[in-house]
Amino acid sequence: MTPCVLRYSVLSIALGLAPLSPALAAPPGPDPPLVPVVYSFESFREAVRSGGPGKDGIPSIDRPRFQSAEEATLEDDDKVIGVYHRGRARAYSQRILVWHEIVNDELGGEALSITYCPLTGTALGFKRGETEFGASGKLVNSNLVMYDRATDSEWPQILGVAIDGPLAGQGLEEFRVFWTTWGAWQARHPETEVLTDQTGFVRNYRRDPYGSYNPLGGYYAPDSRRLFPVMTRDDRFPPKTEVFGLRGPEGALAITRESLREEGVVDVALGERRYTVIHDPGLDTGWAFHNPQGVEIQSAELDFTAEGVTGPGIDSLEAVNGFEAMWFAWAAFYPDTHLYEGQEAP
């Protein structure tokens, strides 16, 4: 039983790889949000490094337990990964995921994996089908390399494409998760459930081995040093500067958080494709859309609800997955990324 894979990933096509046999592949999903990159799969495999702990040395949470928002003991400024899927909301505390990195969960009748890499500051959700994901103990560009327990294929989290194993070249189907604070998530989703610390493992969930987000310090400070080598280095920002990124068939886009906050609505082109990214002031994140017709979106006319962003013109746009990442990691995976730092001339 294989994970929920996309049979013809853009990356596979870019690298000239033949699709896998249908016996190994799940039914194809929508066009994957993956981009051609300047690397080969061989170069990714050569860049893999041991992160220290061995396979499953960082144990995934495979039987998560939840409590109500009223029972949670989180502070408003505590970082959480929020999920709203098929009408249900859940929050996964960064304090817990820093020790586990992967939660194999089920929500709304669908099997999901919620993943977090503390070394790159990235939270992504994947539809896992009938398998589970675990931490391989390996890294590439400092990023978590997951493995699926059905085929033992290896998947860098940011890339979302298997680089080794029977499913090499296949892309995973993503779903949106939100890197935000507990106070912001609870305000948007007061009915949310919250992951408890009853994980089945003995860990000090009051201590972050890398540093602190509240206040910001240690490894998470923007100008602190990374711990592992990267395939490409880009020093335009301090390495841990947080950007909002998206990928499409014609390239990758990174937007500085300051630009997104200040402008509210960012319109940008990647090749022939046009995108609109909207700042959500409640969750302090972005909503990304493919906007082929150049529909004009006015931030003053928008509303943000449990279901997402609403307003004139939004229904005509196609949602694209986006997520926050540390700049050094985004640039290492996508060295030809388009960088948006402020209003660009038409």
Side-chain angles (χ1 to χ4, degrees), residues 1-9 20 22 24-34 59-69 80-93 96-97 100-117 122-135 144 146-151 153 155-162 167 170-180 185 188-196 198-200 246-247 283 285 287-289 305-309 318-323:
M1 293 180 287
T2 61
C4 191
V5 297
L6 302 171
R7 186 171 300 166
Y8 302 108
S9 79
L20 296 181
L24 284 176
D31 290 339
L34 307 172
S60 61
I61 300 174
D62 300 329
R63 294 175 179 81
R65 298 183 180 182
F66 297 89
Q67 60 189 0
S68 68
V80 299
I81 298 165
V83 174
Y84 184 75
H85 189 71
R86 295 185 175 179
R88 295 181 62 184
R90 281 182 176 166
Y92 305 78
S93 171
I96 296 177
L97 262 68
H100 298 282
E101 301 190 0
I102 299 172
V103 180
N104 290 303
D105 202 355
E106 184 175 314
L107 191 57
E110 187 164 26
L112 308 172
S113 288
I114 292 83
T115 71
Y116 167 65
C117 179
T122 44
L124 286 97
F126 301 101
K127 297 182 180 182
R128 60 184 174 90
E130 297 178 315
T131 188
E132 294 176 339
F133 285 94
L144 159 70
M146 312 178 297
Y147 78 96
D148 73 84
R149 290 173 178 150
T151 73
S153 299
W155 316 74
Q157 180 216 29
I158 289 178
L159 197 63
V161 176
L167 298 182
Q170 301 285 3
L172 292 172
E173 185 172 356
E174 300 175 1
F175 67 93
R176 181 66 197 272
V177 304
F178 299 88
W179 175 248
T180 187
W185 185 254
R188 181 70 57 85
H189 299 279
E191 78 295 346
T192 188
E193 298 175 294
V194 184
L195 181 69
T196 75
Q198 302 303 304
T199 63
L246 64 90
R247 308 91 104 210
L283 299 181
T285 188
W287 295 85
F289 299 92
T305 71
E307 299 293 333
V309 56
E318 175 191 356
V320 176
N321 194 40
F323 57 94

K.L.:
Between atom CG of Leu97 and atom CD1 of Ile114, what is the distance when rounded to the nearest 0.5 Å?
P.N.:
8.5 Å
K.L.:
Run through Glu193, Glu191, Glu106 and flag the one making a salt bridge (Lys or Arg N to Asp or Glu O under 4.0 Å) with Arg90.
P.N.:
Glu193
K.L.:
For Asp105 and His85: C-alpha separation, side-chain torsions, deciding distance, then whether side-chain contact (heavy atoms from CB on, under 4.5 Å) applies.
P.N.:
CA-CA 12 Å; Asp105 202 355; His85 189 71; over 6 Å; no
K.L.:
I want to check something: taking the side chain as every heavy atom from C-beta on, are Leu195 and Arg65 in contact at a cut-off of under 4.5 Å?
P.N.:
no
K.L.:
Please check if the side chain of Gln157 supplies one atom and the backbone of Thr122 the other of a donor-acceptor pair under 3.5 Å.
P.N.:
yes
K.L.:
Run through Leu124, Val177, Ile81, Val103 and flag the one making a side-chain contact (heavy atoms from CB on, under 4.5 Å) with Thr115.
P.N.:
Leu124
K.L.:
Hey, what's the ring geometry for Phe133 with Trp155, parallel, tilted or perpendicular (30° and 60° as the breaks)?
P.N.:
perpendicular
K.L.:
Can a donor-acceptor pair be found, under 3.5 Å and without considering hydrogens, that links the side chain of His100 to the backbone of Ser60?
P.N.:
no
K.L.:
Atom CZ of Phe126 and atom CD1 of Ile102: how far apart are they, to the nearest 0.5 Å?
P.N.:
9.0 Å
K.L.:
Just by modelled atom types, is the Leu283 backbone N or O under 3.5 Å from a matching donor or acceptor in the Thr180 side chain?
P.N.:
yes
K.L.:
Measure across Ala69 and Val194 and return the closest heavy-atom pair with its distance rounded to 0.1 Å.
P.N.:
CA-CG2, 4.1 Å
K.L.:
Working to the nearest 0.5 angstrom, can you tell me the gap between Glu174 CD and Asn321 CG?
P.N.:
4.5 Å
K.L.:
Students often mix this up, so state it plainly: with edges at 30° and 60°, are the rings of Phe66 and Tyr92 parallel, tilted or perpendicular?
P.N.:
perpendicular
K.L.:
Restricting to non-hydrogen atoms, name the atom on Ile96 and the atom on Thr196 that form the minimum distance, rounded to 0.1 Å.
P.N.:
CD1-O, 3.5 Å
K.L.:
Looking only at the aromatic ring of each residue, does the gap between the centers of Tyr84 and Trp185 stay below 6.0 angstrom?
P.N.:
no
K.L.:
Starting at CD of Glu110, measure out to CZ of Arg128 and round the result to the nearest 0.5 Å.
P.N.:
10.0 Å
K.L.:
Does atom CZ of Arg63 have more than 12 heavy-atom neighbours, drawn from other residues, nucleotides or ligands, at distances under 6.0 Å?
P.N.:
no
K.L.:
To the nearest 0.5 Å, what is the distance between CZ (Arg149) and CD (Glu132)?
P.N.:
5.0 Å
K.L.:
Could you give me the CA-CA distance, side-chain angles and deciding distance for Thr285 and Arg176, then say whether side-chain contact (heavy atoms from CB on, under 4.5 Å) is met?
P.N.:
CA-CA 12 Å; Thr285 188; Arg176 181 66 197 272; 2.9 Å; yes
K.L.:
Rounded to the nearest 0.5 Å, what separates atom CE in Met146 from atom CG in Leu172?
P.N.:
5.5 Å
K.L.:
What is the minimum heavy-atom distance between Leu144 and Ala135, and which atoms define it?
P.N.:
CD1-CB, 4.0 Å
K.L.:
Can a donor-acceptor pair be found, under 3.5 Å and without considering hydrogens, that links the side chain of Ser153 to the backbone of Ala162?
P.N.:
no
